Amino acid sequence: MADPAGLRLGPLLRYVDWETKDRATVWVETDRACTVEVIGADGSQGSGPTFAIAGHHYALVTIRGLTPGTSTPYEVLLDGARVWPLEDSPFPPSTITTPPESSTGVTVSFGSCRWAAAPADEHDPVGPDALDTLAARIAADPSGPRPDVLLLLGDQVYADETSEATRAWLAERRDLDEAPGAEVADYEEYTRLYDESWLDPEVRWLLSTVPSCMIFDDHDLIDDWNTSAAWLAEMRTLPWWRERVVSGLMSYWVYQHLGNLPPKELESDELFAAVTSAADGTATLREFAVRADDDPLSTRWSYRRDFDRTRLLMVDTRAARVLEEQHRAMLDPDEARWVRDQALDGLREAAGAATTTERPTMERPTAVPPAAVGPYDHLLIGTSLPWLLPPLIHDTESWNAALCRGERGARWARFGERLRRGADLEHWAAFPRSFDELTALVAEVGTGAHAPATICVLSGDVHHAYVAEPDWRGAGDPDARVYQLTCSPVHNSIPRMIQLGFHFGWSRLGRRLGHVLARHGRTGRPPVHWSRSGGPWFGNQLMTLTLRGRSARLRLEQARTGQPTARDTDARGAARLLTVDERELGPSSARRPRE
């Protein structure tokens, strides 16, 4: 008689439907083929068979019949046997929380860059993990406040910076003296990274009870992924690269991307249908990943979520790039068009309705009646890479882009390419046309009677946190308040010298140096000026946005270790999330003068 099926990884509560308010999806990995059931205490349920990829078994189950406005404990069964909650679990029951019929807003926590936390009995060299600490706080008070959704903005796993334990595991599989050495090489090795990250007990429970939206960044594949055409051409000459990138995209689709999709999209997704209906979906998924690497236009990793009257656009800033120097773009034309269409969806109709009112079109919407307001009150643009960087870094990247496209000749172009790779100069500023287009889109969306109250660009990557606010240089600021909110890392570190460099990047002297570089590169001035109104903050941290009606509140919390209390059972339990900044966003907040 075969051994009963076991739960290898998960469950992850991924999608809670804010439209129907009665559906959710739960992702699991099992140790063999089986039927997965998810049963809620309120009678809601969903079930389905696992699908197979490279010897691993997965399921993404849609639960139907949830009660709006409730928090429902749930169980996971494999072939009828309960496997979740775990026996003797120290955590409260995992729950699915649905929005009420008349929702009043959403709470969103976000961050990026997470090395897997060290085991509880080992020293953690980078300090307490912000996700672990958030989990401990929620578990200590299950009825207390918690985010409605967790946005993980890239570098969920590090394919190119593995832990000591993973390196030992890799050494048992192959010779680490041969490329790619201690980096992951294939799909099986990617599964090890997710095991290490998501089997962390606190994170495992957190992801089982708080819905999550994810997008990749470079370390999910490799540092500086798709930084330039020259970089990509060089990588494609390496014998191990093809397997690495194909395996990376396959594993991202399985572990992260699937859970981003709503049930109605899953029902019509041809790849999902093909993979889940096959006895073994490996070849089908591999063919898709090969095509996605060869032709980025063949797929779209970006997606949209609407939470009540908050719209989230999660934007792929890695795989969708155009790398030809004379036509460099952060997003290919189809991707850029999709982002624009999603941001403007419903706003044109609202703007048309607003022109029928007697109020002049340029009047600030401080007292706009609800009927004249657009389809959403807040726009969140999730992009792993910051739009607004410290000014010196922005000017350095735009100067470097000018050098690389030949603005100062071939010798400077070769120097620029070396500098770009060595200094990681590949954010929005390194794609000047895309920077300008995003800036113009933000202004267009944010202007007029239909404008949302806030537009927030949510980013990570740079291993520190800050708040920046732009103004449009005398052309008139949008009616919406616009913010760059950057929060990183969740669990990582940054050298002291680089911290000092970020401080200098915001300084007046740094700005002046940036202007010198801009003149040398003949880049011109960016269409907006921006100032830092908060930070920089360094540490393991999370930002949380609380959006209610047309008001918005931001809180930055850092994971810090304090004195243990009677309730702490180990050193990790002594960590606390401490608020280091809290502020109102939107029309009520005063603008910061230029630095």
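Since this is a predicted model, take the numbers as computed values, not measurements.
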Which heavy atom of [X] sits nearest to which heavy atom of [Y], and what is that distance?
X: Cys113; Y: Pro489; value: O-CB, 3.5 Å
X: Asp316; Y: Ala319; value: OD1-N, 2.9 Å
X: Val203; Y: Asp132; value: CG2-OD1, 3.2 Å
X: Asp220; Y: Tyr190; value: O-OH, 3.0 Å
X: Ser251; Y: Gly248; value: OG-O, 3.0 Å
X: Val61; Y: Gly46; value: CG1-C, 3.3 Å

Is it true that [Y] and [X] share a donor-acceptor pair across their side chains at a distance under 3.5 Å?
X: His491; Y: Asp124; answer: yes
X: Ser94; Y: Thr209; answer: no
X: Glu196; Y: Ser163; answer: yes
X: Asp22; Y: Thr20; answer: yes
X: Arg14; Y: Ser212; answer: yes
X: Glu188; Y: His56; answer: yes
X: Thr133; Y: Arg560; answer: no
X: Asn492; Y: Arg114; answer: no
X: Asp217; Y: Gln156; answer: no
X: Arg318; Y: Ser384; answer: no
X: Thr30; Y: His57; answer: no
X: Ser459; Y: Gln484; answer: yes

Residues Asp186, Arg244; criterion salt bridge (charged side-chain N to carboxylate O under 4.0 Å, His left out); working and verdict: CA-CA 6 Å; Asp186 57 25; Arg244 166 74 154 274; over 6 Å; no
Donor-acceptor pair, distance only, cut-off 3.5 Å: does the side chain of [X] make one with the backbone of [Y]?
X: Asn540; Y: Ala130; value: no
X: Arg548; Y: Val106; value: yes
X: His219; Y: Asp155; value: no
X: Glu122; Y: Ala118; value: no
X: Glu202; Y: Ala135; value: no
X: Thr276; Y: Phe272; value: yes
X: Thr383; Y: Val315; value: no
X: Arg309; Y: Gly105; value: no
X: Tyr74; Y: Ser44; value: no
X: Glu265; Y: Pro263; value: no

Step-by-step salt bridge (charged side-chain N to carboxylate O under 4.0 Å, His left out) determination, Glu101 to Lys21: CA-CA 7 Å; Glu101 291 285 4; Lys21 300 177 174 37; 5.7 Å; no
Verdict with reasoning, Val467 to Arg583, per side-chain contact (heavy atoms from CB on, under 4.5 Å): CA-CA 11 Å; Val467 179; Arg583 64 183 64 201; 4.2 Å; yes
Thr310 vs Asp308, side chain to side chain donor-acceptor pair (under 3.5 Å): CA-CA, chis, key distance, verdict: CA-CA 6 Å; Thr310 294; Asp308 189 32; over 6 Å; no
Mind checking the [atom1]-[atom2] spacing from [X] to [Y]? Nearest 0.5 Å is all I need.
X: Thr25; Y: Leu261; atom1: OG1; atom2: CG; answer: 8.5 Å
X: Arg311; Y: Asp306; atom1: CZ; atom2: CG; answer: 4.5 Å
X: Met543; Y: Leu554; atom1: CE; atom2: CG; answer: 5.0 Å
X: Leu379; Y: Leu313; atom1: CG; atom2: CG; answer: 5.5 Å
X: Phe502; Y: Trp537; atom1: CZ; atom2: CH2; answer: 15.0 Å
X: Thr284; Y: Glu270; atom1: OG1; atom2: CD; answer: 12.0 Å

side-chain contact (heavy atoms from CB on, under 4.5 Å) between Ile96 and Val16, intermediate numbers included: CA-CA 8 Å; Ile96 303 174; Val16 171; 4.2 Å; yes
Please table the atom pairs, donor to acceptor, closer than 3.5 Å between any side-chain atom in residues 32-41 and protein atoms at least two apart or in another chain.
unit_1: Arg32; atom_1: NE; unit_2: Asp3; atom_2: O; d: 2.9
unit_1: Arg32; atom_1: NH2; unit_2: Asp3; atom_2: O; d: 3.1

Pair Arg8 + Asp31: basic N to acidic O under 4.0 Å: no
Glu557 bridged to Arg137 by N-O distance under 4.0 Å: yes
Axial cation check for Tyr15 ring with Arg305, 6.0 Å and 45° limits: yes
Pairs satisfying ring-ring contact (aromatic ring centres under 6.0 Å, His included), at least one member in residues 79-107, at least two apart: Phe91-Trp205
Evaluation steps, salt bridge (charged side-chain N to carboxylate O under 4.0 Å, His left out), between Glu469 and Arg532: CA-CA 6 Å; Glu469 300 184 51; Arg532 172 178 51 88; over 6 Å; no
Test log, rule side-chain contact (heavy atoms from CB on, under 4.5 Å), inputs Leu458 and Leu151: CA-CA 9 Å; Leu458 313 181; Leu151 308 186; 3.7 Å; yes
Between His464 and Tyr466, ring centroids under 6.0 Å: yes
Ring centroid separation Tyr58 to Tyr255 under 6.0 Å: yes
Pairing residues for Asp148 by the salt bridge (charged side-chain N to carboxylate O under 4.0 Å, His left out) criterion, not counting sequence neighbours: none
Residue from Arg64, Arg23, Lys264 passing side chain to side chain donor-acceptor pair (under 3.5 Å) with Asp17: Arg23
Side chain to side chain donor-acceptor pair (under 3.5 Å) between Thr95 and Thr72, worked out: CA-CA 5 Å; Thr95 58; Thr72 303; over 6 Å; no
Derivation of the side-chain contact (heavy atoms from CB on, under 4.5 Å) call for Tyr194 and Glu29: CA-CA 11 Å; Tyr194 286 102; Glu29 181 180 355; over 6 Å; no
